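Predicted model only: the values in this text are computed from it and were never measured.
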Amino acid sequence: MFEAIANFFKKLKKSEKQESTNSKNTAKERLHLVLMQDRANVSADFLELMKQEIIEVIKKYIEVEEEAIDVRLTNKVQDDGTTGSPFLYANIPILNIRNDMKKDNMDVKSDINKEEKKVSNKQEKAQTEVEEKKENIKEEQKIETEKKEEKNKKEKIENNNIAENKEKDGKEEKVKEVQETENKKDEAEDKDKKE
């Protein structure tokens, strides 16, 4: 407890010393700021408004030490020692990242993961359907090919049967002709014998 009190007084003493040094530094910074604002055509009100808006946006996501925030315009010193174009400098001490933002971020990530899984599942389902359709088409083509082959076989058999029947009919006619010829010969011989 005594250490805490001693530390408090030490800090108080340091802050008094720093105040005198800080006021000198603050005056220098203000002078630089005025010069920067003139060069960049930016008013002090505009810079303060910009600083507040930056702080408000950052405070949505993290806890910051507002008193220690340092936002200013400064000149970039080039390699050759000349001052370049002005740029915005911001030193913002972070105290803590907001838990609700962490939770929201986790919820968003979870939602994104769920959506990605849904999309992935839909893609897999679509791929499966495409593969099933391809298989069905192949199966239908195979069945169609088999039907054509069977039809061709039947036509071939029918054509062979027709050819065989024609051949048979032709042979039968020849046999009849031969028999008729023989019958006529026999009749002619019988007539000759009778005479």
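Every residue meeting the side-chain contact (heavy atoms from CB on, under 4.5 Å) condition with I92, not counting sequence neighbours, appears here in chain and number order: I54, I58, V64, I69, A90. With sequence neighbours excluded, no residue forms a salt bridge (charged side-chain N to carboxylate O under 4.0 Å, His left out) with E67. For Q179, the side-chain hydrogen bond (donor to acceptor under 3.5 Å, both in side chains) test picks out no residue, with sequence neighbours left out. Every residue meeting the side-chain contact (heavy atoms from CB on, under 4.5 Å) condition with I94, not counting sequence neighbours, appears here in chain and number order: I62. Residues satisfying the salt bridge (charged side-chain N to carboxylate O under 4.0 Å, His left out) test with E116, not counting sequence neighbours, are none. Qualifying side-chain contact (heavy atoms from CB on, under 4.5 Å) partners for A68, counting only residues two or more places apart in sequence or in other chains: E65, P93. With sequence neighbours left out, K118 forms a salt bridge (charged side-chain N to carboxylate O under 4.0 Å, His left out) with E115.
The structure places NZ of K114 at 13.5 Å from CG of N121, a figure rounded to the nearest 0.5 Å. Atom CD of E164 and atom CD1 of I162 lie 11.0 Å apart (nearest 0.5 Å). Going from atom CG of L95 over to atom CD of E63 covers 6.5 Å, rounded to the nearest 0.5 Å.
Within the structure, no pair that satisfies the side-chain hydrogen bond (donor to acceptor under 3.5 Å, both in side chains) test touches residues 147-161, not counting sequence neighbours. For residues 123-145, the set of pairs meeting the side-chain hydrogen bond (donor to acceptor under 3.5 Å, both in side chains) definition, not counting sequence neighbours, comprises Q127-E131.
No donor-acceptor contact under 3.5 angstrom links the side chains of Q52 and E56, judged on distance only.
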